[in-house]
Amino acid sequence: MKQNEGDEWQEPIDRSRPSAARMYDFLLGGNRNYHADRRAVEELLKTVPSSRELALNNRAFLIRITRYIAQAYGIRQFIDHGSGLPTQRNVHEVAEAVHPDARVLYVDNDPMVLAYGRALLDESPSAVILNADIADTDRIVDGLQGRIDLSQPVAALFVSVLHCVPDRDNGDPKAIVQRTVDLLVPGSVVVVCQLVSDDPDVSDKVTSQMQEDTGGKWGRVRTEADVHRYFDIDRLVVEPPGLMDVTDWRRDDQAPARQETREMWEFGGLARVV
Ligand SMILES: C[S@@+](CC[C@H](N)C(=O)[O-])C[C@H]1O[C@@H](n2cnc3c(N)ncnc32)[C@H](O)[C@@H]1O
């Protein structure tokens, strides 16, 4: 696969301002983050003390569900929207362990994610990272050329990314999921989860902090009902075990410790395109 197509323009890395990708990396125990990210995480921990367990369980969910999709549905093509900084087990590694011919298109718009992603995937025959906003479906479709065959089933992943998307016009999270489903043939699957809370105080505090920290590159903490709505789309059927705190989605004995307190959690699941 050819690398870096369509990357004619890219934002510089801004170390003075936290980024959601680097904060998440710090929560996972990674070292691809700066002082501003670590300070922002400290602030977040005051509102959501269980943020580390939340992040670790979300990442474990991503690994479990990728493996499950490859094994149970035989799917070999993945589009990972909002892929994040490369970490110990990435989607292409999990998918390739099941199907050595698996192919992955990573999509992200954080300059640090793009830089590390390109370094990791340099010369990779099976995976590539595209610089695109997940709301820019046309650009993503252009970036698929020769990599992902839309006449065959695809797994479209939106794991822990839709809370970064504001509720506006055609950038609205449900509209993004809808446009993606419209591209997919029956037999494809869609995974969605995002940050939710039932405590308006927690939602407001986290949303304000993240909006301020990231200079508006964030959406909001939502509710379980909002996530149910994203799945309420023609041709989309939620698969067992349903929508839930992702910590419990086909949890296995490798799963990290649960959140001790649960001010906020990642809610979602898997649906099949019919
Ligand atoms: C919390 S991380 C999740 C990473 C990975 N999906 C996971 O669950 O382990 C969110 C990622 O989404 C990316 N992101 C946020 N908004 C985005 C957008 N509008 N378009 C593309 N990527 C976006 C961020 O840069 C970050 O890398």
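Values in this document were obtained by computation on a predicted structure and should not be read as measured data. Start at 1 and go down the list; that is how both ligands and their atoms are numbered.
Lys46 and Glu43 are joined by a salt bridge, as a carboxylate oxygen and a charged side-chain nitrogen come within less than 4.0 angstrom of each other.
What sits closest to atom 19 (N) of ligand 1 on the protein, heavy atoms only, is Asp133 OD1, 3.1 Å. When only non-hydrogen protein atoms are considered, atom 27 (O) of ligand 1 lies nearest to Asp108 OD2, 2.7 Å. For atom 22 (N) of ligand 1, the nearest protein heavy atom (residue, atom name, distance) is Asn109 OD1, 3.3 Å. When only non-hydrogen protein atoms are considered, atom 11 (C) of ligand 1 lies nearest to Gly82 O, 3.6 Å. For atom 20 (N) of ligand 1, the closest non-hydrogen atom of the protein is Ile134 N, 2.9 Å. Looking at atom 10 (C) of ligand 1, its nearest protein heavy atom turns out to be Ser160 O, 3.5 Å.
Interface of Val113 with ligand 1, defined as ligand atoms under 4.0 Å from a residue heavy atom, comprises 27 (O). Using a 4.0 Å cut-off to heavy atoms of Asn58, the atoms of ligand 1 that qualify are 7 (C), 8 (O), 9 (O). Set against the non-hydrogen atoms of Val159, the atoms of ligand 1 under 4.0 Å away are 3 (C), 5 (C), 6 (N), 8 (O). Close approach to Leu62 involves these atoms of ligand 1, each under 4.0 Å from a residue heavy atom: 7 (C), 9 (O). The distance from ligand 1 to the heavy atoms of Gly84 drops below 4.0 Å at these ligand atoms: 4 (C), 27 (O). Using a 4.0 Å cut-off to heavy atoms of Asp110, the atoms of ligand 1 that qualify are 25 (O). Close contacts of ligand 1 with Ala132, meaning ligand atoms under 4.0 Å from a residue heavy atom, involve 20 (N), 21 (C). Heavy-atom contacts of Cys164 reach the following atoms of ligand 1: 15 (C), 16 (N) (cutoff under 4.0 Å).
Cluster annotation: Val48 and Tyr24 are assigned to distinct hydrophobic clusters (Ile/Leu/Val/Met/Phe/Trp/Tyr, side-chain heavy-atom contacts under 4.5 Å, transitive).
By the 6.0 Å and 45° rule, Arg52 stacks over the aromatic ring of Phe26.
The closest approach between a heavy atom of Ser83 and any atom of ligand 1 is below 4.0 Å.
Of the residues listed (Val98, Ile148, Asp101, Ile69), the one engaging Arg76 in a side chain to side chain contact (heavy atoms under 4.5 Å, CB included) is Asp101, and it is the only one.
Of all the heavy atoms of Val161, the ones lying under 4.0 Å from any atom of ligand 1 belong exclusively to the side chain.
For His92 and Phe78, the ring centers sit 6.0 Å or farther from each other.
In this structure, Lys217 places its NZ atom where only 12 or fewer heavy-atom neighbours from other residues, nucleotides or ligands lie under 6.0 Å away.
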### Task
Please test Glu263 against Ser50 for side-chain hydrogen bond (donor to acceptor under 3.5 Å, both in side chains), starting from the C-alpha separation and ending with a verdict.
CA-CA 8 Å; Glu263 304 81 11; Ser50 62; 3.0 Å; yes
| Steps toward salt bridge (charged side-chain N to carboxylate O under 4.0 Å, His left out) verdict (Arg258, Asp248) | CA-CA 9 Å; Arg258 291 173 186 281; Asp248 293 318; 2.5 Å; yes
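For atom 9 (O) of ligand 1, the choice among Tyr106, Tyr24, Trp218 with the nearest heavy atom turns out to be Tyr24.
A donor-acceptor pair under 3.5 Å links the side-chain atoms of Ser19 to the main chain of Arg22, judged by distance alone.
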